[in-house]
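What follows is a set of notes on a single structure, which appears directly below.
Heavy-atom basis, side chains included; hydrogens, waters and symmetry copies ignored. As the structure lists them, so they are numbered: ligands from 1, and atoms in each ligand from 1. All of these numbers come straight from a predicted model, not from anything done at the bench. We count residues from 1, following the sequence as given.
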Amino acid sequence: MRDSIRKAARQHGFAAAYFLAPLPLPLWRERASLSRTQCGMDWDVPAAYPGATCVVLLVEAYLPYRRADDNRPRADAPEDRILPYYIAEHRAYFEAKALAAEIAAQGFYCETARLPARALALENGVGAHSNNGLLAVGEFGTRAALFTLATNACGPLPEAGEHPACEEGCGACARACPAGAISAAELDATKCLRYYMDGAAHPPFVLEKLTSFLGCDLCQRVCPKNAHLKAQPLPEEIRAAFDPRRLILGDTAKARALSGRNVTGGGKLTLEAIALAARDGLHESEIRAALASPHPAVRDAAKWALEKYF
Ligand code: SF4
Ligand code: SF4
């Protein structure tokens, strides 16, 4: 059955599938409670999924976007500000659900599982911890969105693959992080910009330091574990959907459809576009118009931008 799941996973666009033992993760729980990053995930995997003999880890690998104009100042180009992670993750979410339904249709128990995939993978010897807090998986580096299925269709398979560890003394991610969230050995999740970007409203220090829409990947861009990944051109459809002027004017439907409506409510993309544009001194009149937005977080960001930059 594992071969058949691997094959089906590839057909759904996943780059790899690993077969993990459903283990409890008490250490992860302790750390997650301290940093308040539990986010409703099930740490006691066997208790939460008693019917599971295996957790299938699905790897959605993605590539960074290649900059069209390398002479532009860093972080000015749309290729730096639109993160392929969110688009890949949104696509794969539906594919993981469809794959679970296919396995269940063959008479097995199978459901998508909300559990700490990185911690469970490491506990099973899959992937390597990275100082930026991410899991490096084989040839995909840290550029992978992870999904998990709880199932009784098969058992776990011990993993013998090679996963890249951090080079001693590297520290590139710590030097690149605009929030000072990474120390020599690990990430302090409570300092990462992404920690404050779940809801629509972003605190002023995030508006000031934000590097991209919906999150930040500076620590991945500089990471040698990803240096071999070949950048892809930014598709025109995505470039147009995330055009900052368009987003500031409130036309966010296409960008939300690409990155997921559930993570982009409350005018989030509009206020992020306001912050990025204001810092470049662009789109003042559109930002003034955003003072009349129906979303309080957008009005607050427009006020912040006008006071600080215009
Ligand atoms: S995502 Fe950005 S803010 Fe968070 S740790 Fe990485 S570089 Fe720092
Ligand atoms: S940049 Fe260096 S220290 Fe940071 S995660 Fe990558 S390899 Fe590890």
Side-chain angles (χ1 to χ4, degrees), residues 31-32 34-37 39 59-65 67 73-89 116-119 121-122 126-146 161-199 201-231 259-260 263-264 268-269 271-272 275-276 279:
R31 289 182 62 120
L34 287 174
S35 57
R36 285 187 271 166
T37 49
C39 305
V59 176
E60 168 77 0
Y62 64 91
L63 295 170
Y65 293 132
R67 302 179 94 202
R74 185 144 194 91
D76 240 13
E79 293 86 349
D80 287 342
R81 291 183 165 175
I82 303 170
L83 301 184
Y85 170 84
Y86 292 97
I87 293 161
E89 205 247 4
R118 268 180 255 162
L122 287 171
V126 171
H129 169 77
S130 307
N131 289 3
N132 59 8
L134 298 171
L135 187 77
V137 194
E139 68 202 92
F140 316 114
T142 65
R143 292 208 178 268
L146 305 175
E162 292 276 306
H163 303 286
C166 287
E167 290 164 27
E168 207 180 322
C170 169
C173 52
R175 290 191 294 278
C177 177
I182 305 172
S183 70
E186 61 178 1
L187 167 79
D188 178 347
T190 63
K191 290 187 181 166
C192 171
L193 296 181
R194 184 66 192 77
Y195 186 80
Y196 301 91
M197 294 172 69
D198 271 348
H202 297 354
F205 86 91
V206 173
L207 296 176
E208 191 59 58
K209 289 178 186 283
L210 162 82
T211 58
S212 323
F213 291 107
L214 300 173
C216 169
D217 77 349
L218 284 186
C219 53
Q220 294 198 79
R221 265 183 244 169
V222 298
C223 180
K225 296 182 186 192
N226 300 328
H228 63 290
L229 298 174
K230 198 168 170 346
S259 46
V263 294
T264 52
K268 188 176 188 172
L269 289 170
L271 70 92
E272 291 178 354
L276 293 168
R279 281 161 36 195

min-distance protein heavy atom vs atom 6 (Fe) of ligand 1 -> Cys219 SG, 2.4 Å
Contact check, side chains of Cys166 and His129, non-hydrogen atoms, under 4.5 Å: no
Presence of N, O or S from Cys173 under 2.8 Å of atom 6 (Fe) of ligand 2: no
Hey, does Leu83 have a side-chain heavy atom less than 4.5 Å from the side chain of Leu214? no
Element-labelled atoms of ligand 2 that are located less than 4.0 Å from some non-hydrogen atom of Cys166: 3 (S), 5 (S), 7 (S), 8 (Fe)
Which of the numbered atoms in ligand 2 are under 4.0 angstrom from any heavy atom belonging to Ser130? 5 (S)
Could you name the option among Ala181, Cys216, Gly180, Cys223 that has the heavy atom nearest to atom 2 (Fe) of ligand 1? Cys216
Find out whether Arg221 and Pro64 are in side-chain contact, i.e. whether some heavy atom of one side chain is under 4.5 Å from a heavy atom of the other. no
Counting only N and O atoms by type, is there a donor-acceptor contact under 3.5 Å from the side chain of Arg36 to the main-chain atoms of Thr190? no
Shortest protein contact, atom 8 (Fe) of ligand 1 (heavy atom only): Cys177 SG, 2.3 Å
Aromatic centroids of Phe213 and Tyr86 separated by under 6.0 Å: no
So which protein heavy atom does atom 4 (Fe) of ligand 1 come closest to, and at what separation? Cys192 SG, 2.4 Å
With a cut-off of 4.0 Å, which atoms of ligand 2 are near a heavy atom of Gly171? 3 (S)
Should the heavy atoms of other residues, nucleotides or ligands under 6.0 Å from CZ of Arg31 be counted, would the total exceed 12? no
Please list the nearest protein heavy atom to atom 3 (S) of ligand 1 with its residue and the distance rounded to 0.1 Å. Leu193 N, 3.4 Å
Would you say Ala176 contacts ligand 1, with heavy atoms under 4.0 Å as the rule? no
With heavy-atom distances below 4.0 Å as the criterion, list the atoms of ligand 2 near Asn132. 5 (S)
Checking side-chain polar atoms at under 3.5 Å, does Asp80 have a donor or acceptor matched by the opposite partner on Thr211? no
Examine all N, O or S atoms of Cys170, backbone included, and report whether one is under 2.8 Å from atom 8 (Fe) of ligand 2. no
Mind checking whether Leu187 has a heavy atom under 4.0 Å from ligand 1? yes
Taking Lys268 for its side chain and Asp198 for its backbone only, find out whether a donor-acceptor pair lies under 3.5 Å. yes
His163 vs Val137 side-chain heavy atoms within contact, under 4.5 Å: yes
